[in-house]
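Below is one structure, written out as structure tokens, with a few remarks after it.
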Amino acid sequence: VGCLDPFAKVAGRGIRKLRDAGIEVTVGVLEDKCLELNRRFMTFQTCRRPYVSLKWAESADGFIDRLRADGCGERPYRFSSDYTQMLTHRYRAAHQAVLVGTGTALADDPALTNRLWPGPSPLRLVLDRRGRLPHDLKLFDGSAPTRVYVDSKTAAPDYAGRPGVTCVPVDFDGGMVLKEVMNDLYALSVQTLLVEGGKQLLDSFISDGLWDEIRIEQTDVFLNEGVPAPVRPRGRVELSESDGHKLIRIWSPVRHFVP
């Protein structure tokens, strides 16, 4: 047996039955590889939260977008090629939920669906403290379920009654809003979360230590100025290249899933 199952309802029972039947059982064979292979499930069971992946694209000089004025209608700078955009959708398809913040929802109006890769779209999540997002955003188009976290003191927003939209009240003033989101997703049995937000949201996950892996697409484009990319945290780094773009993956040095 490679590793024990941390799920409380079954943990060790199969091994115990085999041993009670007189069968010799060796536990811990290639344990590190088994834990790594099942890291999403292990993190969910041991940390009682989803396995969290952060994702962004950046220029060669470290910017994730050009400077855009609020409400100007200007689209975000597109770093991805057609091929790497398809890879982004494949990566999204590997997660049960995807999260953005208010700023990204307003500025980019993302659909957050899987259009370039087969499989169901993830549960769409958005933080909207003041309930100020307009009801005609793609997030509220009913093409996939959307869960919105609003401040518990905020009146019901305009989009509250739209099909597929669920509003969840949370406390934005206590400094624990991301923890409340994690608790909600754990209760929903969401084991994997992809964060595609802007700098502020990404920085919050990094500073709170709520991340397990990071995927960065870096192009050879220089913006010279813009929105700075999050500071990369310490971790094991893997480098690859696709369609002329550098793909950087950072794995958290904290192995949350180790029993």
Margin query: Test of understanding: with salt bridge (charged side-chain N to carboxylate O under 4.0 Å, His left out), list the residues that count as partners of K17, not counting sequence neighbours.
Written below: none
Check: Is the shortest side-chain N to carboxylate O distance from E24 to R19 below 4.0 Å?
Finding: no
Notebook entry, point to check: So how far is it from N114 CG to S121 OG, rounded to the nearest 0.5 Å?
Noted result: 4.5 Å
Check: Crowded around R236 CZ? As in, over 12 foreign heavy atoms under 6.0 Å?
Finding: yes
Margin query: Distance alone, cut at 3.5 Å: any donor-acceptor contact between the side chains of E196 and T104?
Written below: no
Next item on the list: Apply side-chain hydrogen bond (donor to acceptor under 3.5 Å, both in side chains) to Y159 and D136, showing your working.
Entry: CA-CA 8 Å; Y159 51 75; D136 56 352; over 6 Å; no
Next item on the list: Would you please test N224 and D61 for side-chain contact (heavy atoms from CB on, under 4.5 Å) and show each step?
Entry: CA-CA 7 Å; N224 299 316; D61 50 352; 4.1 Å; yes
Check: For the side chain of R124 and the backbone of A144, is there at least one donor-acceptor N/O pair under 3.5 Å apart?
Finding: yes
Next item on the list: Could you tell me whether the side chain of Q85 and the main chain of S80 form a donor-acceptor pair under 3.5 Å?
Entry: no
Notebook entry, point to check: Do the side chains of L112 and W56 join up, straight or via other hydrophobic residues, at under 4.5 Å, putting them in one cluster?
Noted result: no
Margin query: Main chain of M86, side chain of D82: is a donor-acceptor contact present, judged purely on distance under 3.5 Å?
Written below: no
Checklist line | Within the 6.0 Å centroid threshold, strictly below: F44 and Y186 | finding: yes
Checklist line | Minimum side-chain heavy-atom gap V1-I15 below 4.5 Å | finding: yes
Notebook entry, point to check: Does Q191 reach the side chain of Y51, with side-chain heavy atoms less than 4.5 Å apart?
Noted result: no
Notebook entry, point to check: Quick one: OG1 on T88 to CZ on F79, what's the gap to the nearest 0.5 Å?
Noted result: 12.5 Å
Check: Mind checking what makes salt bridge (charged side-chain N to carboxylate O under 4.0 Å, His left out) contact with R215, not counting sequence neighbours?
Finding: none
Check: Of the non-hydrogen atoms in G197 and L202, which two are nearest, and what is the gap between them?
Finding: O-CD1, 3.4 Å
Margin query: Just so I know, are the side chains of V25 and V27 near enough to count as touching, which here means a heavy-atom distance under 4.5 Å?
Written below: yes
Next item on the list: Measure across P253 and G235 and return the closest heavy-atom pair with its distance rounded to 0.1 Å.
Entry: CD-CA, 3.9 Å
Next item on the list: Could you pull out the closest heavy-atom pair between Y149 and L185, with the gap in Å?
Entry: OH-CD2, 3.6 Å
Notebook entry, point to check: If we ignore angles and hydrogens, is there a donor and acceptor under 3.5 Å between the side chains of S81 and D243?
Noted result: yes
Checklist line | Pairs meeting criterion salt bridge (charged side-chain N to carboxylate O under 4.0 Å, His left out) with involvement of residues 170-186, two or more places apart | finding: R129-D173, R147-D184, K153-D173
Checklist line | Worked verdict on L201 versus F205 for side-chain contact (heavy atoms from CB on, under 4.5 Å) | finding: CA-CA 7 Å; L201 185 59; F205 272 90; 3.8 Å; yes
Notebook entry, point to check: So if you build clusters from Ile, Leu, Val, Met, Phe, Trp, Tyr with side-chain heavy-atom gaps below 4.5 Å, do V29 and L35 land together?
Noted result: no
Margin query: When you group the ILVMFWY residues by side-chain heavy-atom contacts below 4.5 Å and let the links chain together, are M176 and L125 in the same group?
Written below: no
Check: Just how far is it from atom CD1 of I214 to atom CG of L54, taken to the nearest 0.5 Å?
Finding: 5.0 Å
Note to self: Go through it in stages, so that I can follow the logic: the residues are L193 and L99, the test is side-chain contact (heavy atoms from CB on, under 4.5 Å), and I'd like the CA-CA distance, side-chain angles, deciding distance and then a yes or no.
What the structure shows: CA-CA 7 Å; L193 170 65; L99 172 68; 3.9 Å; yes
Notebook entry, point to check: To the nearest 0.5 Å, how far apart are NE2 in H245 and CG in L87?
Noted result: 10.5 Å
Note to self: What I want to find out is whether K55 reaches E213 closely enough, with some N-O distance under 4.0 Å, to be called a salt bridge.
What the structure shows: no
Notebook entry, point to check: So if you build clusters from Ile, Leu, Val, Met, Phe, Trp, Tyr with side-chain heavy-atom gaps below 4.5 Å, do V168 and V181 land together?
Noted result: yes
Margin query: Looking at every non-hydrogen atom in both residues, tell me the closest pair between S242 and L247 and how far apart they are.
Written below: CB-CD1, 3.7 Å
Checklist line | More than 12 heavy atoms from other groups under 6.0 Å of CD on Q200 | finding: no
Check: Got a sec: does the CZ of R78 have more than 12 other heavy atoms crowding it under 6.0 Å?
Finding: yes
Next item on the list: Using a strict cut-off of less than 4.0 Å between a Lys/Arg side-chain nitrogen and an Asp/Glu carboxylate oxygen, indicate whether E31 and K33 qualify as a salt bridge.
Entry: no
Next item on the list: State plainly whether the residues R75 and D65 are in salt-bridge range, i.e. N to O under 4.0 Å.
Entry: no
Notebook entry, point to check: Between E58 and K246, is the closest basic N to carboxylate O distance under 4.0 Å?
Noted result: no
Check: How far does CG of L106 sit from CG of L133, to the nearest 0.5 angstrom?
Finding: 5.0 Å
Notebook entry, point to check: Do you know the tightest heavy-atom contact between P157 and C167?
Noted result: CG-SG, 4.0 Å
Margin query: I'd like to check R132 versus T154 (side-chain heavy atoms, cut-off strictly below 4.5 Å). Are they in contact?
Written below: no
Note to self: Count I, L, V, M, F, W, Y as connected when their side-chain heavy atoms are under 4.5 Å apart, and connections chain through other members. Are Y91 and L116 then in the same cluster?
What the structure shows: no
Check: Within a reach of under 6.0 Å around CZ of R115, are more than 12 heavy atoms found that belong to other residues, nucleotides or ligands?
Finding: yes
Next item on the list: Starting from the C-alpha separation in whole Å, work towards a yes-or-no answer on side-chain contact (heavy atoms from CB on, under 4.5 Å) for I250 and R232.
Entry: CA-CA 8 Å; I250 305 174; R232 299 176 193 173; 3.9 Å; yes
Check: Is there a donor-acceptor contact under 3.5 Å linking the side chains of S53 and H95?
Finding: yes
Item checked: Validation row: P50, M182 side chains within 4.5 angstrom (heavy atoms) -> yes
Note to self: Using modelled atom types and a 3.5 Å cut-off, is there a donor and acceptor pairing between side-chain atoms of T146 and backbone atoms of L139?
What the structure shows: yes
Checklist line | Option from R40, R39, R49, R249 for which salt bridge (charged side-chain N to carboxylate O under 4.0 Å, His left out) with D212 holds | finding: R49
Checklist line | Atom pair OG/CD of S59 and Q218 - distance to nearest 0.5 Å | finding: 7.5 Å
Check: Between A107 and R68, what is the shortest heavy-atom contact and its length?
Finding: O-NH1, 3.4 Å
Notebook entry, point to check: Would you say V148 and T166 make side-chain contact, with heavy atoms under 4.5 Å?
Noted result: no
